[in-house]
Protein chains: 2
Amino acid sequence: MPITDTSKSANCLAMSDVLNRIGDKWSVMVVGILGKSGTLRFNELKRMINGISQRMLTLTLRNLERDGLVTRTIYPEVPPRVEYSLTKMGKTLDGPISSLWDWSSDHHQAILEARAVYDTREGAIAKENTRKIAYARG
Amino acid sequence: MPITDTSKSANCLAMSDVLNRIGDKWSVMVVGILGKSGTLRFNELKRMINGISQRMLTLTLRNLERDGLVTRTIYPEVPPRVEYSLTKMGKTLDGPISSLWDWSSDHHQAILEARAVYDTREGAIAKENTRKIAYARG
DNA sequence: CTGGATCCCCCCTGATACTG
DNA sequence: CAGTATCAGGGGGGATCCAG
């Protein structure tokens, strides 16, 4: 199945564009968490997402809102309250995101082990022989 | 369903770690294309991925190989030939990636429209009134 | 053809301080 | 609480040259 036909090329460009937003780890985490929790306030999100800065959360939420994936509701109270949740389109994205989420927790350990194996082997190769790399690895 | 329990926190960390590699747009594109095409050579991949540089393709493939998601096979020929394909674990990732891929092509247009609407509305708000932002948007 | 090595710039990101 | 404004630093990523 060649990728060079029109539909696949279009997919490629769509992916490239969408991934510039969605491929960002913070966006994935926000969508994933909102998908699981429903509606959250700014600082609730901030506390749930490991290591995100206030600035990045603000930017991420703005971009998601701009792309029509997240709704932002301001309650004119004091102290201020702003709630975020997924739009209808955002909810459709939560499916693929959840798949990715599940895959991550299922294979995280395997990836860590693969890295360890790779690093060990590369280290051994480098120490043993730096010239004869001309054979298949794996 | 609170996110604060142990399993969800673990998922959060797994996501964070995995997304540092997988969330990268180039990795997603490489896995997606390899999943669709099976086995490809370096320059075949480079031609198929819109806008990737040689350096980034090399680094991306190395990282994917290190994480046990891609196999790299060197044929000691002249000119050199190197073929890449997904490992068993890589193939399991292709499922979620394909979902994301399909979602992208399905919703790309909607996202573009949402951006246009957002930008128009923001522009109008900024021009009309910069003080009274204290109402719900969306 | 498949990369390794190098230079270098831009922007992403975090930290901090301030406002409503 | 929910941001905005500003500054500074690091690294992601492109361009280029060279090697096997």
Side-chain angles (χ1 to χ4, degrees), chain A residues 16 19-30 39-66 70-85 122 125-126 129-138, chain B residues 16 19-30 39-66 70-85 122 125-126 129-138:
Chain A
S16 187
L19 281 176
N20 279 324
R21 182 75 9 109
I22 303 307
D24 161 46
K25 63 178 278 189
W26 298 131
S27 296
V28 176
M29 310 256 327
V30 167
T39 297
L40 291 173
R41 303 179 58 170
F42 185 86
N43 275 349
E44 290 175 331
L45 275 168
K46 187 168 185 304
R47 277 190 296 270
M48 284 183 181
I49 301 179
N50 188 289
I52 193 171
S53 66
Q54 185 189 52
R55 170 189 171 82
M56 279 303 101
L57 181 54
T58 300
L59 290 178
T60 300
L61 287 168
R62 282 293 182 285
N63 286 329
L64 290 174
E65 184 196 4
R66 186 168 102 101
V70 159
T71 63
R72 177 169 177 261
T73 308
I74 306 179
Y75 296 89
E77 304 172 355
V78 44
R81 180 162 57 104
V82 181
E83 291 186 346
Y84 296 91
S85 59
E122 289 302 296
I125 289 176
N129 192 335
T130 53
R131 290 167 300 176
K132 291 182 179 176
I133 313 290
Y135 53 83
R137 294 185 276 175
Chain B
S16 188
L19 280 175
N20 279 325
R21 182 76 6 113
I22 303 306
D24 161 45
K25 61 177 278 187
W26 298 131
S27 295
V28 175
M29 310 259 324
V30 167
T39 298
L40 290 173
R41 302 180 59 174
F42 185 85
N43 274 351
E44 289 176 331
L45 275 167
K46 187 170 186 301
R47 277 190 296 271
M48 283 182 181
I49 301 179
N50 189 290
I52 194 172
S53 67
Q54 181 193 59
R55 170 190 170 82
M56 278 304 99
L57 183 54
T58 299
L59 290 178
T60 300
L61 287 168
R62 282 293 180 284
N63 286 331
L64 289 174
E65 185 196 4
R66 187 169 101 101
V70 160
T71 63
R72 177 168 177 262
T73 309
I74 307 179
Y75 296 89
E77 302 172 355
V78 43
R81 180 162 59 104
V82 181
E83 289 186 346
Y84 296 90
S85 59
E122 290 303 295
I125 289 176
N129 192 336
T130 53
R131 290 167 301 176
K132 291 181 178 177
I133 313 290
Y135 53 84
R137 297 186 274 176

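Each chain gets a letter, A, B and so on, in the order its sequence line appears, and its residues count up from 1. Model, not experiment: these values are computed from the prediction.
Distance CG (Leu57(A)) to C1' (dC12(C)): 16 Å, rounded to an integer number of Å. Atom CG in Asn63(B) sits about 11 Å away from atom P in dG13(D), given to the nearest Å. Distance, Leu59(A) CG to dT4(D) P: 8 Å, rounded to whole Å. In this structure, CG of Asp24(A) is placed 10 Å from P of dC12(C), rounded to the nearest angstrom. In this structure, CD of Glu65(A) is placed 13 Å from C1' of dG3(D), rounded to the nearest angstrom. Between the CD atom of Glu77(A) and the C1' atom of dG20(C) there is a distance of 15 Å, rounded to whole Å. Spacing between atom NZ of Lys46(A) and atom C1' of dA2(D) amounts to 11 Å, rounded to whole angstrom units. Atom CE in Met56(A) sits about 18 Å away from atom P in dG9(D), given to the nearest Å.
The phosphate of dG3(C) (OP1 or OP2) has a side-chain N or O of Arg72(B) nearer than 4.0 angstrom.
Between Val70(A) and Asn63(A), the closest side-chain pair of non-hydrogen atoms is not below 4.5 Å. Residues Met56(A) and Thr58(A) form no side-chain contact, since every pair of their non-hydrogen atoms from C-beta on lies 4.5 Å or further apart. The shortest distance between side-chain heavy atoms of Thr39(A) and Tyr84(A) does not fall below 4.5 Å.
Each end of the helix from dC1(C)-dG20(D) to dG20(C)-dC1(D) yields a helix axis from five base pairs, and these two axes differ in direction by 50° (to the nearest 10 degrees).
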*With salt bridge (Lys or Arg N to Asp or Glu O under 4.0 Å) as the test, would you mind laying out the steps for Glu83(A) and Arg81(A) before giving the verdict?*
CA-CA 7 Å; Glu83(A) 291 186 346; Arg81(A) 180 162 57 104; 3.0 Å; yes
*Report the C-alpha separation of Leu45(A) and Leu61(A) in whole Å, then their side-chain angles, then the decisive distance to 0.1 Å, and conclude whether the side chain to side chain contact (heavy atoms under 4.5 Å, CB included) test is met.*
CA-CA 10 Å; Leu45(A) 275 168; Leu61(A) 287 168; 4.0 Å; yes
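DNA chain D is contacted by both Pro80(A) and Thr58(A); Pro80(A) maps to the nucleotide lying nearer its 5′ end (nearest heavy atom per residue). Between Arg41(A) and Arg55(A), it is Arg41(A) whose nearest contact on DNA chain D lies nearer the 5' terminus.
Checked against dC1(D), dG3(C), dG20(D), the side chain of Phe42(B) finds its nearest nucleotide in dG3(C). Of all nucleotides listed (dG3(C), dG14(D), dA2(D)), dG14(D) comes nearest to the side chain of Trp26(B). You'll find that the side chain of Asn43(A) is closest to dA2(D), out of dT2(C), dA2(D), dT13(C). Between dG3(D), dT2(C), dG4(C), one nucleotide has an atom nearer to the side chain of Tyr84(A) than all others, and that is dG3(D).
Heavy atoms of Gln54(A) sit under 4.0 angstrom from at least one base atom. Counting non-hydrogen atoms under 4.0 angstrom, Tyr75(A) reaches nothing in the nucleic acid.
A donor-acceptor contact under 3.5 angstrom links the side chains of Ser85(A) and Thr71(A), judged on distance only.
Judged by distance alone, with hydrogens and angles left aside, the side-chain atoms of Asp24(A) form a donor-acceptor pair with the main-chain N or O of Ser27(A) at under 3.5 Å.
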